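Down below is the structure, laid out as C-alpha cells.
Basis for what follows: all heavy atoms, side chains included, without hydrogens, waters or symmetry-related copies. As the structure is a prediction and not an experimental result, all values here were calculated from the model. Throughout, protein chains are lettered first and strands after them, A, B, ... in sequence-line order, and every chain is numbered starting at 1.
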Amino acid sequence: MRLPGSQRVRLATAGARAETAGALTRQPAGERSRSYAFHALLLLTISLAVLGLAILLIDAFIEGLPRFGLDLFTEGTSSLPEQSGFLNAILGTLLVIGGVIVMTVPLGVGAAIYLEEYADKDRWWNRAIELNVQNLAAVPSIVYGILGLAFIVRGPLDVGFVVLAGSITLSLLVLPTVIIAAREAIRAVPSSIREGSLALGATRWQTVRRQILPASVPGIATGVILAISRAIGETAPLLLVGAAVFVSFNPSGFFDGYTVLPVQIFTYFSRAQDEYIVLAAAGIIVMLALLIAMNSFAIWLRNRYEQKW
Amino acid sequence: MTERRQRQGDDAERATRSDHVGGGHGREDGGGSAEGALPSVQETAVESQRRKGDPAAATRRDVLFAIEGLSVRYGSQPAIENVSFDILENNITALIGPSGCGKSTLIRCFNRMNDLIPSASVEGHISYHGEDLYGPAVDPVEVRKRIGMVFQKPNPFPKSIYDNIAFGPRILGMKDDMDGIVERALTRAALWNEVKDRLDENAYGMSGGQQQRLCIARSVAIEPDVILMDEPCSALDPISTGRIEDLMIELKENYSIVIVTHNMQQAARVSDMTAFLMVALDDQEENPRGRLVEYDQTEKVFTRPSDERTELYVTGRVG
C-alpha cells in the first residue's frame, strides 16, 4: 500500500507517539508507592521539627503575653516583679554581643584566610590546626565557661566579673564556628577568579583583599549571623563568668558588672512566685524580638552588599 | 580544482577584510568560506600565509622567550621533558598537540603560573628578552605584570565591566585617567561599542564571547608585553571565535601572543609560527610526558612538515 507522503508521516508520528506514551506510563506501581512513602517520611520529619519549635513558642507567648508591653524594653529590674523590665539585661546582651562581633569577625576571617589561601596543607601543623578548629566547634559551652572563669575572670587576665569577660568567653565559644563558615565561603570562590587576578600581576594579598573577600562576604556574613545568634542564647558559660542574677543598673562599659537576657530569664524561672514565671515568659518574647531585629539587620546588610555586583 | 580553491580564497579574503573594516561583524564560519566544501588545514595555512605576505618575515624577529631543556614535573609525574625552542617577538606562536601533551603546562611556565601549584617543579631555562625568567631575584608578580594571560574559560571578576578592566591598572597604581584606560582597553578588544552604555553592569551578564573579549581587554589594560592564551576559544561559538582571531591579528602589531589551541584551523589561520608537541613514553612504556616534535613557520608545519608524526596529526589521522 502506498500512502501519500503527508499521510505516511502522520501515521509514523502517531505510532511513535503511542510508543512513547506507553514507555512513559510504564512505571511499576511499587516504585510509585515507595516514592510516595519517602515523600511522606520527609514531610513527617520537617513537621516534627517545626511542631516542637511551635509548641515552645506558643507556650511562651500564651504565658508571657499578658505581661508583654513596651515597658519591658524601657524599665530596668525592680524588686517588684510587676514593675520589672529587661532594660538592664538588653543593654548587657548588646554590649556583650558587640564585643563578640568586634573580636570574632577579624580573628575568624583572618584565620580562615590563612587556612584557605596561605597554609600549605602538606605541613603537619596546618593539618593539626584544621583538625583542632573542627573539634573546638563541638566542645560543650560550659567548658568555655570554666576556661573563662579560670583564665579571664581570674588568672592571667584577671579582669573580674565584667562585660569584657563575658565577651571574651563567648568569642572563644563561637570563633570555631565563624572560622569554619568563613572557610566555606572563601573556598566557594572559584579558583579561576584567583588565577585571573594573579595573572594580572596582583600579589596574593591584593587578590585576597580585592577579589576573594568581596566575593565571599555574603557567605561570611551568614556564618557570623548564625554564630552570633548562638552567642545571644548562651546561658551556662555566662553564669560562670559573672553575669549576675540580679542587676538593677545599666552596664556603662566593658569593665562594668552585667547580666544578659538568657541569664535573667533563667533566674526568674527558678523563683517560686507565679509573677516571676510570667515575667520570664515575657522575657523570652523580648529575647526573640531582639534576635529577630539583629538578624534582620545583618541580613539586610548582607543583601545590600550582594547587590553591589 | 585550482580555480575553485582560488575562488574560495578570494571569498575568505573579502570576508576577512570587510570584517576588519566593519570592526567585527560576524564571520560566516570558522573556515573562511561561506559555501562549498570547507578548506583543509593545508589550504587554510597556505591562504593565511598568502595574506600575510613574505613567509620568512615571521622568523626575522628578535627572540622573546628562549627555552632551553625545559622539563616540568608535578610531584613525580613528568609533564613535559627537554623542550627547547625560541619564541619570537610580535608573532603569534601556536602550541598544538593532543590532550595531555603539556601545552598548558608549557604556556603556564612563561608567566610563572606553575609557581602556584606547590607540587610543580621546573627545570631548565627560559629567558625572557635575555633575562632568566626563573632567576633567584625575579619576582613572579613582576613577571605577570609584563606577561598577561587569558584562560580557557572566560573568568571575568564578579564586578562591573568597568571595574573588571580597572582592577589591573588600579593595583599597579595607575591613577590618572582611569576612564581613558578603560575605554582604550575595551576599544582595542573590539568591545567598546557593545558595552559603552552599560559599563556599570555586572560582567556576568555578558555573553561568553563578550566575556572572553573582556578578559582580553583586561589583560591589555595593564599594557603587557606578551599575552598568553590558553585555548581562549574552546568555550565559544564560531562567530565569537572569529572575532577573537581577528582581534589577535590586530593585537600582534603591539604585543607578542602565544596561543594554545586544539583547533588546527585556528592555528593555521592566525599563527605565524607553530610548535607541535606530542606525548612520549619512557623506556618502560610508562610516565607519558610531552615532547616538542616540530617547531617552524605555520605554513611549513601544515603543508611540508619535516616529521611524519606532525603530518599525521595535522591531517587528522592520529591524535
Side-chain angles (χ1 to χ4, degrees), chain A residues 109 112-130 182-222 301-309, chain B residues 75 107-108 110-119 139-174 200-205 211 214-215 217-224 227-230:
Chain A
V109 174
I113 291 173
Y114 171 76
L115 286 172
E116 280 303 313
E117 299 291 324
Y118 288 84
D120 178 355
K121 300 221 164 84
D122 291 336
R123 306 274 175 222
W124 67 266
W125 58 84
N126 288 322
R127 285 207 306 273
I129 292 173
E130 221 177 300
R183 284 188 66 184
E184 295 288 336
I186 290 170
R187 207 178 308 151
V189 178
S191 61
S192 63
I193 303 286
R194 281 179 194 88
E195 288 196 327
S197 170
L198 291 166
L200 286 171
T203 61
R204 216 195 289 211
W205 164 242
Q206 284 169 328
T207 301
V208 168
R209 169 72 190 73
R210 293 172 181 246
Q211 299 291 352
I212 311 287
L213 274 186
S216 53
V217 156
I220 292 175
T222 309
L301 213 71
R302 182 185 74 190
N303 291 349
R304 222 180 85 106
Y305 209 92
E306 251 177 346
Q307 277 162 7
K308 262 184 87 180
W309 51 267
Chain B
I107 201 172
R108 291 167 71 98
F110 298 145
N111 65 343
R112 296 194 56 169
M113 284 303 268
N114 283 333
D115 290 21
L116 305 173
I117 304 166
S119 66
D139 181 359
V141 171
E142 290 301 315
V143 169
R144 294 185 201 123
K145 284 176 190 169
R146 286 172 184 78
I147 305 173
M149 188 162 199
V150 176
F151 296 85
Q152 184 170 0
K153 238 182 89 199
N155 58 345
F157 301 132
K159 297 174 186 294
S160 70
I161 294 171
Y162 185 98
D163 286 338
N164 259 278
I165 306 291
F167 175 74
R170 276 185 192 140
I171 57 169
L172 298 193
M174 304 182 191
D200 55 348
E201 281 176 34
N202 191 331
Y204 282 16
Q211 288 187 4
L214 181 74
C215 292
R218 191 170 75 182
S219 43
V220 167
I222 57 170
E223 304 283 345
I227 302 176
L228 308 172
M229 299 184 171
D230 189 356

Nearest 0.5 Å, please: how far is [atom2] in [Y] from [atom1] in [X]?
X: Ile193(A); Y: Lys159(B); atom1: CD1; atom2: NZ; result: 9.0 Å
X: Arg209(A); Y: Ile171(B); atom1: CZ; atom2: CD1; result: 12.5 Å
X: Ser192(A); Y: Gln152(B); atom1: OG; atom2: CD; result: 11.5 Å
X: Asn155(B); Y: Arg194(A); atom1: CG; atom2: CZ; result: 12.5 Å

With only heavy atoms counted, which part of [X] is less than 4.5 Å from chain A, the side chain, the backbone, both or neither?
X: Pro140(B); value: neither
X: Arg146(B); value: neither
X: Phe151(B); value: side chain
X: Ile222(B); value: side chain
X: Leu228(B); value: neither

In the structure I gave you, are the side-chain heavy atoms of Phe167(B) and Gln211(A) within less than 4.5 Å of one another anywhere?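 Result yes, sub-4.5 Å side-chain heavy-atom pair found.
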
So, for Ala199(A) and Asn111(B), which heavy atoms are closest and what is the spacing to 0.1 Å? CB-ND2, 4.4 Å

Given Arg170(B), Arg218(B), Met149(B), the one with more heavy-atom pairs under 4.5 angstrom with chain A than any other is Arg218(B)

